Amino acid sequence: MKTLLQTLIGQALLQLQAEGALSGVELPAIPVERTRDRTHGDFASSIALGLAKAARSKPRDLAERIVAALPASERLAQVEIAGPGFINFFLTPGAYRAVVAEILNQSDAFGRSQIGGGRRVQVEFVSANPTGPLHVGHGRGAAFGATVANLLEAVGYQVHREYYVNDAGRQMNILAASVWLRYLEHCGESFRFPSNGYRGGYVRDLAARLYAEHGSAYVTSAAQAFQNLPQDDIYDEDGNLVTPGDKEAHIDALVECARALLGDQHYRYVFELGLNAILDDIRDDLQEFGVVYDHWYSERTLEERGAVNKILQRLRDAGQLYEKDGALWFRSTRFGDEKDRVMQRENGQTTYFASDIAYHLEKFERGFDWVIDVWGADHHGYVPRVKGALQALGADPAKLDVLLVQFAILYRNGERVQMSTRSGDFVTLRELRHEVGNDAARFFYVLRKSEQHLDFDLDLAKSQSKDNPVYYIQYAHARVCSVLRQLREKGLPRNEARGRDHLALLTEPHEEALLIALARYPEVVEAAALNHEPHQLAQYLRELANAFHSYYNEHRVLVSEDGLRDARLNLSLATRQVIRNGLGLLGVAAPEAM
RNA sequence: GCGCCCGUAGCUCAGUUGGAUAGAGUGUCGGCCUCCGAAGCCGAAGGUCGUGGGUUCAAGUCCCGCCGGGCGCGCCA
């Protein structure tokens with residue numbers, strides 16, 4: 001409808017130009033939007049306000065000339081000029097009702113479009129290091145990323161969902177060392193656990209597994225492992241730093257010790273044990289959450305192919321690298337970054353940044369037209385250097401969009417749930433899912449704008465009342481299903497064709513409001529997709545459910561008159577279809593009964 | 001200190017890319033079930049859009065300065 005109006009106005013403008021008016025005026029994009037106030041009609045355009053100055057005429061005069069030149073349309077009941085020069089469009093009742101047939105015809109496809117034109121977009125999200133289970137912060141990235149991907153697919157993009165697995169880097173070595181140290185403890189050794197090691201309970205579980213499989217075959221004395229290491233930072237029980245050392249150097253040296261003491265084969269085994277167990281856990285977790293990927297991209301394969309070294313060489317050849325203090329630096333300040341960045345550390349290890357550049361460049365080489373990364377908001381300072389590196393390598397940084405997701409803060413009994421990463425004491429995504437259910441979790445995670453902090457009320461997410469928006473929407477869906485059950489129980493006939501023939505009987509204000517809400521759905525999906533704003537869809541579904549509940553409360557669907565009953569059933573079924581489609585994009589179930 | 005994000009009803013948040021009289025939910029108060037699911041509906045009250053300037057036909061929305069909050073500023077990721 002919106003595009004129809006834009007076309008009509010466009011034709012009117014061309015007509016005016018042909019008549020010699022608006023000469024030399026460049027025609028802008030034509031603004032058409034839904035009105036907030038029903039007395040302003042259904043749609044309004046401010047085109048005359050925007051064009052008045054260039055046309056050297058008063059907005060209202062220009063609006064009148066546009067309206068006069070407007071081609072006729074059977075879907076328009078009335079066109080008015082209002083306020084300073086708005087053109088208000090009133091639709092015919094038939095134009096409202098047409099959406100019911102449209103929905104029933106298209107069913108699952110209603111709301112989908114081809115705006116994306118099949119262009120290839122890659123969405124990379126979550127990509128948490130496989131050094132521990134996903135926590136509630138990752139959960140938001142998962143729900144958000146998955147929904148953005150679904151939305152883009154719905155508007156005609158060819159979407160590739162990817163998880164980048166940091167299975168090669170330093171952090172994985174630290175995990176392996178952590179597992180081994182816990183294993184030593186398990187075997188009776190005692191020592192101060194490194195401050196930079198992984199302290200979560202799952203590390204002890206992995207250590208116990210190592211012991212169960214191999215007994216004490218991996219034991220050496222702790223004293224040996226801790227010989228001649230750089231001093232660690234030492235914290236007291238409250239997490240305050242009491243004796244500063246160099247925790248990074250300490251843990252790196254400890255990793256090297258572990259590797260030397262265990263030997264390549266045994267070290268490899270511990271490493272793989274940790275990686276595989278945790279990655280499997282993450283996969284299962286996400287799958288249960290309804291989040292599936294086309295590809296789990298291994299950082300290790302990048303390194304094995306020499307892609308990281310190739311990037312270093314290319315940057316060196318381009319004169320973008322220099323050596324300082326024994327490390328290799330990238331001149332990211334040339335590309336708007338605040339400071340230059342290390343690509344290769346003094347000890348020869350390449351940084352996370354280096355392999356990330358290789359990965360991102362490869363995304364473009366794989367032929368994606370558009371690349372989207374979903375990151376935690378605490379990584380926002382990382383954006384300029386990645387874009388800078390891409391630019392330095394001749395790729396177009398504008399094709400990369402980084403979407404930042406703020407943390408979710410859990411509340412229980414009105415109080416903030418405390419979490420601490422350092423002690424490994426955090427609420428996992430799995431725990432959250434088990435507590436509130438997948439549907440509530442998926443929905444609550446995308447209810448707010450992504451760059452907004454999210455207050456996640458656990459009690460509300462669990463409540464089964466209208467206070468809980470998930471239940472509120474699902475209940476509207478279940479209600480329609482319930483009406484159909486009632487219909488059968490009462491032995492009433494149903495005839496969809498008869499319903500279509502009697503749509504003109506839908507004249508109640510509540511019915512009109514519901515029809516308008518239904519017609520908005522494709523617009524909402526489009527806006528939510530193109531702006532990466534799933535919350536728009538979530539908010540809309542609440543409004544749609546509200547329109548239905550209000551209608552349902554005021555009027556009976558199962559009336560005795562056949563034509564009206566079938567028309568109302570069709571309207572209800574159309575509502576159910578749209579709710580189902582919308583919830584589907586959000587990854588939320590649409591239950592038939594609750 | 002510098003950079004990014006955010007300040008809208010008591011609370012949690014929308015606000016259609018600059019449009020008409022700023023909206024929901026929740027909370028408070030008051031109504032609606034001999035009738036398709038009350039897991040619902042209806043109404044009332046509640047606002048200097050943090051603040052001071054600027055841009056223009058039009059500013060919650062764009063620009064600048066303050067105030068207040070969050071995050072970032074490593075040879076960590």
Side-chain angles (χ1 to χ4, degrees), chain A residues 2 31-37 39-40 44-46 49-50 52-53 58-59 82-86 88 128-129 131 166 169-171 174 196 247-249 251-252 324-329 338-339 341-347 349 351-353 356 376-384 404 406-407 411 414 447-449 451-455 457 460 463-469 471-472 474-476 478-487 489-490 492 520 523-524 527 530-531 535-536 538-540 542-543 545-546 548-559 565 568 572 593-594:
Chain A
K2 207 181 250 184
V32 172
E33 47 195 37
R34 286 195 179 267
T35 56
R36 268 193 267 248
D37 187 338
T39 63
H40 295 143
S45 177
S46 60
L49 293 163
K53 185 172 274 185
K58 290 181 189 165
F86 290 102
N88 293 338
N129 283 346
T131 53
N166 290 106
R170 175 169 172 262
Q171 295 303 320
I174 295 175
N196 246 6
K247 60 181 177 182
E248 306 292 350
I251 196 83
D252 283 340
K324 193 182 84 181
D325 304 331
L328 199 54
W329 299 70
E338 324 179 304
K339 51 181 75 172
R341 307 292 173 178
V342 170
M343 301 285 287
Q344 190 167 30
R345 301 168 63 196
E346 194 177 2
N347 65 8
Q349 288 181 343
T351 57
Y352 176 91
F353 179 45
D356 221 23
D378 54 334
H379 285 62
H380 72 255
Y382 199 70
V383 178
L404 301 173
Q406 288 280 359
F407 287 125
Y411 286 84
L447 191 54
R448 304 297 177 214
K449 276 215 289 244
E451 60 265 36
Q452 190 85 241
H453 286 276
L454 175 71
D455 285 340
D457 186 334
L460 180 61
S463 83
Q464 307 200 351
S465 73
K466 71 181 182 109
D467 306 355
N468 184 339
Y471 278 86
Y472 185 81
Q474 290 182 322
Y475 180 45
R479 258 187 160 170
V480 178
C481 297
S482 173
V483 170
L484 289 181
R485 285 192 295 270
Q486 283 292 324
L487 181 80
E489 280 173 26
K490 293 183 177 175
L492 289 169
R520 279 176 53 210
E523 299 162 22
V524 171
L530 298 182
N531 297 313
H535 76 277
Q536 288 197 34
Q539 304 273 359
Y540 162 82
R542 233 212 108 270
E543 288 166 27
N546 176 246
F548 180 75
H549 285 311
S550 295
Y551 169 51
Y552 183 89
N553 216 264
E554 193 67 25
H555 302 285
R556 292 183 61 80
V557 175
L558 301 181
V559 293
R565 183 179 65 245
R568 287 183 170 175
S572 301
M594 302 174 64

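Below, chain A is the first sequence line, B the second, and so on; all start at residue 1. Just so we're clear, the structure is a prediction, and the values are computed from it rather than from any experiment.
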Would you list the protein and nucleotides 70-77 of chain B atom pairs, both N or O, that sit under 3.5 Å from each other?
from, atom 1, to, atom 2, distance (Å)
B:G70, O2', A:H453, NE2, 3.2
B:C73, O3', A:K339, NZ, 3.4
B:C73, O2', A:K339, NZ, 3.2
B:G74, OP2, A:K339, NZ, 2.8
B:G74, N1, A:E248, OE2, 3.4
B:G74, N2, A:E248, OE2, 2.3
B:C75, O3', A:R345, NE, 3.4
B:C75, O2, A:E346, N, 2.7
B:C75, N4, A:D325, O, 2.5
B:C76, OP1, A:R345, NH2, 3.4
B:C76, OP2, A:R345, NE, 2.6
B:C76, OP2, A:R345, NH1, 3.3
B:C76, OP2, A:R345, NH2, 3.1
B:C76, O2', A:R170, NH1, 3.1
B:C76, O2', A:Q171, NE2, 3.0
B:A77, O2', A:N129, ND2, 3.0
B:A77, N3, A:H379, NE2, 3.3

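- Here the side chain of A:S550 is nearest to one of B:A20, B:C42, B:A14, namely B:C42.
- For A:A377, the side-chain contact (heavy atoms from CB on, under 4.5 Å) partners at least two apart in sequence or on another chain are A:L404, A:Q406.
- At the phosphate of B:A38, neither OP1 nor OP2 sits under 4.0 Å from any side-chain N or O atom of A:Y472.
- Aromatic stacking is marked for A:Y552 over B:C36, as both cut-offs hold: 5.5 Å for the centres and 30° for the planes.
- A donor-acceptor pair is defined here as one N or O able to donate and one able to accept, closer than 3.5 Å; no such pair exists between the side chain of A:N88 and the backbone of A:A44.
- The aromatic ring of A:F86 does not sit over the base of B:G19, since the test of centres under 5.5 Å and planes under 30° is not met.
- Comparing the P positions of B:G47 and B:A9 gives a spacing of 10 Å, expressed to the nearest Å.
- For A:R565 (side chain) and A:L558 (main-chain N/O), no donor-acceptor pair under 3.5 Å exists by modelled atom type.
- Nucleotides B:A77 and B:G72 are separated by 14 Å at their C1' atoms, to the nearest Å.
- Contact detail for A:H535 and A:K449: the closest heavy-atom pair is CE1-CG, 3.1 Å.
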Check nucleotides 55-61 of chain B against the protein and report each pair of N or O atoms closer than 3.5 Å, with its distance, or say if there are none.
from, atom 1, to, atom 2, distance (Å)
B:C57, OP1, A:K53, NZ, 2.6

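- Rounded to an integer number of Å, the gap from A:L447 CG to B:G15 P is 11 Å.
- Only the C1' atoms considered, B:A22 is 32 Å distant from B:A38, to the nearest whole Å.
- Closest to the side chain of A:Q486, out of B:A20, B:A14, B:C36, is B:C36.
- As rounded to the nearest Å, B:G43 and B:G68 have P atoms that lie 42 Å from one another.
- Between A:R34 and B:G19 there is no side-chain polar atom (N or O) within less than 4.0 angstrom of OP1 or OP2.
- Taking A:R520 as the reference, A:E543 meet the salt bridge (Lys or Arg N to Asp or Glu O under 4.0 Å) condition, with sequence neighbours excluded.
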Original post:
Does the side chain to side chain contact (heavy atoms under 4.5 Å, CB included) test come out yes or no for A:L460 and A:Y411, once each step is laid out?
Top reply: CA-CA 9 Å; A:L460 180 61; A:Y411 286 84; over 6 Å; no

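- When rounded to the nearest whole Å, the span between CD of A:Q539 and P of B:A24 equals 13 Å.
- In this structure A:D457 satisfies the salt bridge (Lys or Arg N to Asp or Glu O under 4.0 Å) test with no other residue, sequence neighbours excluded.
- Taking atom CG on A:L530 and atom P on B:U16, their separation rounds to 15 Å, with Å as the unit.
- Between B:C36, B:G19, B:C13, one nucleotide has an atom nearer to the side chain of A:V557 than all others, and that is B:C36.
- Distance check on atom C1': B:G74 versus B:U56 gives 47 Å, rounded to whole Å.
- A syn orientation is assigned to B:C33, its glycosidic angle lying within 90° of 0.
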For nucleotides 25-34 of chain B, which of its nitrogen or oxygen atoms have a protein nitrogen or oxygen under 3.5 Å away, and what is each distance?
from, atom 1, to, atom 2, distance (Å)
B:U26, OP1, A:K466, NZ, 3.2

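- For A:Y475 and B:C36, the OH to P distance is 11 Å, given to the nearest whole Å.
- Contact annotation for A:A52: no contact, since no heavy-atom pair falls under 4.0 Å across all strands.
- With sequence neighbours left out, A:Q344 forms a side-chain contact (heavy atoms from CB on, under 4.5 Å) with A:L312, A:L328, A:T350.
- Rounded to whole Å, the P atom of B:A59 lies 13 Å from the corresponding atom of B:C49.
- With hydrogens and angles disregarded, a donor-acceptor distance shorter than 3.5 Å links the side chain of A:N347 to the backbone of A:Q349.
- Per the geometry, CZ belonging to A:R448 stands 13 Å off C1' belonging to B:U8, to the nearest Å.
- Residue A:S46 places none of its side-chain N or O atoms closer than 4.0 Å to OP1 or OP2 of B:G18.
- Atoms CZ (A:R520) and P (B:A24) sit 13 Å apart, rounded to a whole Å.
- Looking only at distances, a side-chain donor or acceptor of A:N468 sits under 3.5 Å from a matching main-chain atom of A:S463.
- The C1' atoms of B:G27 and B:A45 are separated by 12 Å, rounded to the nearest whole Å.
- Every side-chain contact (heavy atoms from CB on, under 4.5 Å) that A:P384 has, sequence neighbours left out, goes to A:D337.
- With sequence neighbours excluded, no residue forms a side chain to side chain donor-acceptor pair (under 3.5 Å) with A:R36.
- For A:T351 (side chain) and A:V342 (main-chain N/O), a donor-acceptor pair under 3.5 Å exists by modelled atom type.
- For the pair A:E543 CD and B:G23 P, the interatomic distance rounds to 13 Å; values are reported in whole Å.
- Within 4.0 Å (heavy atoms only), A:A82 reaches at least one base atom of the nucleic acid.
- Along RNA chain B, the nucleotide closest to A:G83 and the one closest to A:E451 are compared, and the more 5′ of them pairs with A:E451.
- For the atom pair CZ of A:R345 and CZ of A:R170, the computed distance is 4.5 Å after rounding to the nearest 0.5 Å.
- Annotation: side chain to side chain donor-acceptor pair (under 3.5 Å) contacts of A:H549 (sequence neighbours excluded): A:R479.
- On the P atoms, B:U51 is 10 Å away from B:U8, given to the nearest whole Å.
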Original post:
In dot-bracket form, how is RNA chain B paired, counting a Watson-Crick or G-U wobble pair only if both its distances are under 3.5 Å and using | for bases paired to another strand?
Top reply: (((((.(..((((.....[...)))).(((((.......))))).....(((((..]....)))))).)))))....

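- Rounded to whole Å, atom P of B:C36 lies 15 Å from atom CD of A:E554.
- Among the protein residues, A:H40 comes within range of the nucleic acid bases, having at least one heavy atom under 4.0 Å from a base atom.
- Partners of A:A527 under the side-chain contact (heavy atoms from CB on, under 4.5 Å) rule, at least two apart in sequence or in another chain, are A:N531, A:Q536.
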